[in-house]
Amino acid sequence: MSRGGSVSLRNIVKRHGSLTVLKGVDLDIRPGEFFALLGPSGSGKTTTLRILAGLESHDAGSVVLDGRDVTGSEPGERDVAMVFQSYALYPHMSVYENIAFPLRMVKTPNAEIDRAVRESASRVKIAHLLERRPGQLSGGQQQRCALARAIVRKPRLFLLDEPLSNLDAKLRLETRVELRKLQRALDVTAVYVTHDQEEAMTIADRLAVFMDGNIVQVGTPEEVFRRPVSIEVATFLGSPPMNLIPARLAGREAAIEGHRLQLESDYGAEREVLLGVQPSRIDIGAEGIPAQVDLVEHLGDSVIVDLALGATRVRAKLPERTRLAEGANVHLRFDASDVHLFDPQTRQRITA
Amino acid sequence: MLFAPALVLLVVTTSAPLVYLLWTSLMRIDLTMPFLSGFAGAANYVKMGSDPRFWNSLLLTLIYTTTTVVLQVVLGLSLALLVMQIPRGQTVLRVAAILPIVLAPVVVGLFWRTLLLSPDFGLVDLVSHALGFGSHAWLGDPQLALVSVIAIHTWQWTPFAFLVLLASLASLPPDVFEAARIDRANAWQRFRRITLPLLRPAIVIVVIMRTMIALSAFAAIFAATGGGPGTATEILNLYAYRTSFTEFNLGYGAALAVVLLAITLVISFLMFRMRRGR
């Protein structure tokens, strides 16, 4: 099977009347990559995917697939397959005919269709459901049918628009893993839209974070998680998201509520900053920054503790055995290497 | 007991006339020869077998019903598909489409006869003349008259098919069509493989309703041609009317009406069966 295609978006601009939905999106996706478009709703990630598919027009910029400019060509001419959030199965056709549809449209011989349909169906484990109508399938089975329809034609690009959002939590985790295996086995390029940062983190080779019609950061999940470029990205990722604590920065030192913290590098002249730290990086001990426990949430394998640090609310993710009384006075600690510094005005990351 | 008034009303207004019609159809009642009146058994029905005017009217009824229903569905669907492409102003078109429907068929018949089809003055005649097809007796020529009454019925009722199919089209899921575009279906394939099958229930309902109405059409033809010239537009309903009320042969007229009723019932029954069958 041929390796998946590459994707390049060049300065894509999309307007709805006076509203600019995409403000110049540039993106390069490598062949065979599992690439996630991550962002809150309304950030333009789905619009980007639909422009990539050719379902929606754009006002400026170009879409290049495998080195060929496909801007303005019909979706059917782009050799892309798509799994819709709603699955968009053909309700009047059997599962078999649904999967066969993309092949029938290009007049594939019946014997070849039959072989391809059965192969795709067994890949996603619905070979026993071929005679059913979509209305007779469960949500998970419909999702598999949509997947089979997408993979049956062996496209060079596989587009997925929040494909897991209509499944229940358990099925979502299982399907996530299967999707990933399927993409690896087919060695196809996949572009995956999601608002769920955990989903994007676990499934993607690389991801692009969308905010308000712009791509604000591109990288591997680890890079993005370790070095968020802005406050928006930092607070969008992680569950619970990163804590932001007002602090005074001077040289190699940050002061939080009078408590001094040694940093790894020298940041020069004194200024106000927002100091970010992931909840899982916070430890509670006998020494450190004094805070008061507001609320304790048990998650089974961990505990989320809400703390009042002066006027700031801080959340810490601690091991499940932690026993803390609400109202207790405690001390927070974290490593200098886990500290992120942001400029409160520009909201961008501060580097030494 | 509380529904007794409703039941009585139903029997008096619907069932009683029907039973009386059936009874009359078994009688010989000819007001021009009242001395011959009496029970006739099935004689009226037997007479139809050798009555060329009956067979002519039956054939006209079938032609009239089939062509008007097919035209309404084809035109209504085409219009609905066209209007779906218009981003704005659909509401105006919907309101405009209702206008012919709310007119009384008699008014429509008269309106076409006097304003559109009358030679030298009618709009259709003027257009035909301007296009070089010449002036025609649209309702006077036997063949043109049949075409004209079919056109009148189609003009009045295509909006009904249009509105039903437009509403059905608008309710189809857009993502299914997007999926089909991605699956490489061209416009014709999308229409043939997605739109038509998904519209099938609405089309079947339109065909059933319009067939039942077309079979019992009367007023517009009565107002436009009165069944003429000669018997050129005399569908079964008009033949029954003329027999009863211009030739005063009430018994035979009633039998003709019963046959029309039976045909309508059988066709409706078969269509509903077909609909359930799928």
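Values below: every heavy atom of this structure, side chains too, minus hydrogens, waters and symmetry copies. Note on naming: letters A, B, ... go to the chains in the order of the sequence lines (proteins, then strands), and numbering restarts at 1 for each one.
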query: Counting only heavy atoms not in B:Met84, do more than 12 sit closer than 6.0 Å to its CE atom?
result: yes

- request: Report the option among A:Glu74, A:Glu77, A:Met105 that has the most heavy-atom pairs separated by less than 4.5 Å from atoms of chain B.
  value: A:Met105

message: Quick check: under 4.5 Å, non-hydrogen atoms only, which of residues 169-197 of chain B neighbour chain A?
response: B:Asp175, B:Val176, B:Glu178, B:Ala179, B:Ala180, B:Arg181, B:Ile182, B:Asp183, B:Arg184, B:Ala185, B:Gln189, B:Arg193, B:Ile194, B:Pro197

- line: Within residues 80-96 of chain A, contacts to chain B at heavy-atom distances under 4.5 Å involve A:Val80, A:Ala81, A:Met82, A:Phe84, A:Ser86, A:Ala88, A:Leu89, A:Tyr90, A:Pro91, A:His92, A:Met93

message: So, using side chain to side chain donor-acceptor pair (under 3.5 Å) as the criterion, who are the partners of B:Thr65 when residues are at least two apart?
response: none

- request: Could you name each residue pair satisfying ring pair (Phe, Tyr, Trp, His ring centres under 6.0 Å) that touches residues 31-83 of chain A, not counting sequence neighbours?
  value: A:Phe34-A:Tyr192

statement: When the 4.5 angstrom heavy-atom criterion is applied to A:Arg50 and chain B, the contacting part is side chain

field: Which portion of A:Glu56 sits near chain B, non-hydrogen atoms under 4.5 angstrom
entry: neither

